[in-house]
Number of protein chains: 2
Amino acid sequence: MAPRAKQEQLPPPTTPVSMADLARELGVSMTTISRALSDHHSIGPATKQKVQKLAKKLNYQPNHLAAALRKGKSKLLGVIVPYIEGRFFPSVVHGIESAASKAGFSVIICQSNEDAAHERKNIETLLSAQVAGILVSVARTTNDFRHFEKVRKRGIPLVFFDRTMDNDAVNSVVLNDWKGGYQSTKHLIDQGCRRIAHFAGLQHLNIYRNRRQGYLDALHDAGLPQDEELIVYSDMTMEEGADAMRRLLALPNPPDAVFSAGDSSVLGALQEVKRQGLRVPQDIALAGFSNEAFTSITEPMLTSVDQRCEEMGQATVRLFLELIDSAGGAYTQRQVVLQPELFVRESSLHGANSK
Amino acid sequence: MAPRAKQEQLPPPTTPVSMADLARELGVSMTTISRALSDHHSIGPATKQKVQKLAKKLNYQPNHLAAALRKGKSKLLGVIVPYIEGRFFPSVVHGIESAASKAGFSVIICQSNEDAAHERKNIETLLSAQVAGILVSVARTTNDFRHFEKVRKRGIPLVFFDRTMDNDAVNSVVLNDWKGGYQSTKHLIDQGCRRIAHFAGLQHLNIYRNRRQGYLDALHDAGLPQDEELIVYSDMTMEEGADAMRRLLALPNPPDAVFSAGDSSVLGALQEVKRQGLRVPQDIALAGFSNEAFTSITEPMLTSVDQRCEEMGQATVRLFLELIDSAGGAYTQRQVVLQPELFVRESSLHGANSK
DNA sequence: TTGTAGGCGTTATCAT
DNA sequence: ATGATAACGCCTACAA
């Protein structure tokens, strides 16, 4: 752990080369340099060549800061996520970075740590950095949205992804969580399940409200009763999933399936079911949400809803780009809705060996 | 997928408030404003109050770009990773962002996509963004390191993490991969294994070279023969792990254990072993590397070496901060080495039910 | 304790 | 086709 230091001395840093240096060297004006480098039409091909060659030779690096200051618009894109862990947010960020860099934008990443105050600070930081836009997935504890207002007042494009505001007067890219919940529940019903429990997340967040509603609607459409006793609200960790499963199995009339709004909790449930010597899916079928990597390595493998993480990142950037392209961009509000995909796996397939 | 647009018109953006605005409003000079806001000692408490109150009221946001341009030093920190997926890199980035933001730095993140050319572009981008430093984990295909030289020539602190250059004339934070390999192999030997195979990564990268060497040294120290037939080189995907396992099990004299330099491949191996009806660890013991989340949910759970991802991120930032603090910072080369931790789980524990 | 003025590197306007 | 010049917002000698 203790750093080991070397004593060799390196040569002193070379000062960066600026346009003024190139201009002096070639005996032309800075205007010419600037235009030659940005491939302006009013510069002779000969001059253009000369300038660009010298730039390479002297290792000229444009100073984006200066350009941004002058133009009033940077090529920085701010991203705020609750945290960078698990499968979802890293994948979305992956998608965002790829799409953004393709469009010439650099991505500044901030974590709100699921904390509203931190999120407010992130906004300030990004505004100070003069970002060209902000992409955000709101913290779980955020219920005052005034800091986002400030962004819009400044005319800076703001796009929400996945976790958004109640209000739909915003730009957002979300999954059709309702449909995910509906499909998954319907699938369980189609497999013959009649008493389906639900692990629900905090109803504060749009995503968990919608997944629950999809579940309820699927039950309703199938003429099945909606039983609040079968809905367990929690943060949906593995432990909470196991606990919830234990409680449900202890009921006089236990469920024959669980649709969980998260994968961790359904994993906990799976382990609990196995601990009790019951079989999945024969005794109880399971379906989760997020299509985490581990869903295809458990035994049995877990049915889950894929959230299209990477597409979400790309779609979010695309929407941002549309906003800055269209003149009045910041004044419109668009909602992009991605379609979930249900991955049916062993944990919910009664198949031939029926029930 | 089709964006739905709202037509409500929002008020036009307000122009950002600058120091000049505050100065005009209060009838004082910009110097006073600047100093009051940065809490300079030579400003009267009364004035300071007034200025700061007005700043809040008018919603003044400092322009970091302008400050950076003026001072020649930004509060931006560049990070280059091969990709943002799996467990390792997101966790490291998580650690980096937390530590950096605590020190007042914003993180610009770039992906090299394991491609050297892309990595070079990333460097250019970051230099143009005038970052205060660059933290990098090199792409798998990088074998020409001249683009990093350019960074150092500019006097910009450069810190490698995890994947570094051969040469140790750099600043770096790495795991003691040798020790991870050694401990893991020794553990298998202690469990009674005598013919231990190794899934090795590309020897191009320091980390895989070192893990392999640890493996070899542990065998040597235990007086066991080193058999190249038992070492399989690959990219260590799940499929490659399964393939390798199949080949090893088909040997006239198959191994009784595998130490893999990665978790995915050992997972593939586990599945293959089970497919063949053999038992883990009784017939063959398994140990991996990275302590991926799934290692504790497989059956049996997988022994693995933890890489201290988050600490690595924090240590990398800490080293960067030391470099900019010490005047001649960019001229020294320090190596920080983190100690791995072996998580022993069922896949390698012969325990009571011996062999 | 406060004010004046110049400049960081770039781009845009206006002239040549 | 090219040049001179001002300005973006901030910081910091240097003056007062």
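Residue numbers begin at 1 in each chain, while the letters A, B, ... track the order of the sequences. Keep in mind that the numbers below use all heavy atoms, side chains included, and drop hydrogens, waters and symmetry copies. Treat the numbers as computed from the prediction; the structure is a model and nothing was measured.
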_Check this for me: K121(B), atom NZ, are more than 12 non-hydrogen atoms of other residues, nucleotides or ligands nearer than 6.0 Å?_
no

*Around atom CD of Q49(A), are there more than 12 heavy atoms of other residues, nucleotides or ligands at under 6.0 Å?*
no

*Among H147(A), R146(A), K153(A), R152(A), find the residue that satisfies the side-chain hydrogen bond (donor to acceptor under 3.5 Å, both in side chains) test when tested with E149(A).*
R152(A)

_Nucleic acid footprint by protein, nucleotides 1-8 of chain D - heavy-atom cut-off 4.0 Å, B for base, S for sugar-phosphate alone_ = SBBBBBBB

Nearest-angstrom distance from the residue atom [atom1] of [X] to [atom2] of [N]:
{"X": "Q130(B)", "N": "dT10(C)", "atom1": "CD", "atom2": "C1'", "value": "11 Å"}
{"X": "M19(A)", "N": "dG9(C)", "atom1": "CE", "atom2": "P", "value": "12 Å"}
{"X": "K73(A)", "N": "dT10(C)", "atom1": "NZ", "atom2": "C1'", "value": "17 Å"}
{"X": "L26(B)", "N": "dT2(C)", "atom1": "CG", "atom2": "C1'", "value": "14 Å"}
{"X": "I33(B)", "N": "dT4(C)", "atom1": "CD1", "atom2": "P", "value": "13 Å"}

*Please report the shortest heavy-atom distance between V170(A) and Q335(A), naming the atom on each side.*
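Closest heavy-atom pair between V170(A) and Q335(A): O-NE2, 2.6 Å.
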
_For a quick test of reading the model: is some side-chain N or O of S34(A) closer than 4.0 Å to OP1 or OP2 of dT10(C)?_
no

*About how many Å separate CZ of R318(B) and CG of D325(B), when rounded to the nearest 0.5 Å?*
13.0 Å

*Rounded to the nearest 0.5 Å, what separation is found between the CG atom of L77(B) and the CD1 atom of I96(B)?*
7.5 Å

*Could you verify whether a donor N or O on one side chain and an acceptor N or O on the other, from T32(A) and S29(A), lie under 3.5 Å apart?*
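Result is yes, a qualifying pair exists.
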
_S42(A) versus H40(A), side-chain donor and acceptor atoms under 3.5 Å_ = yes

*Could you list by number each residue of residues 57-65 of chain B showing a heavy-atom separation from DNA chain D of less than 4.0 Å, or answer none if no residue does?*
Y60(B), P62(B), N63(B)

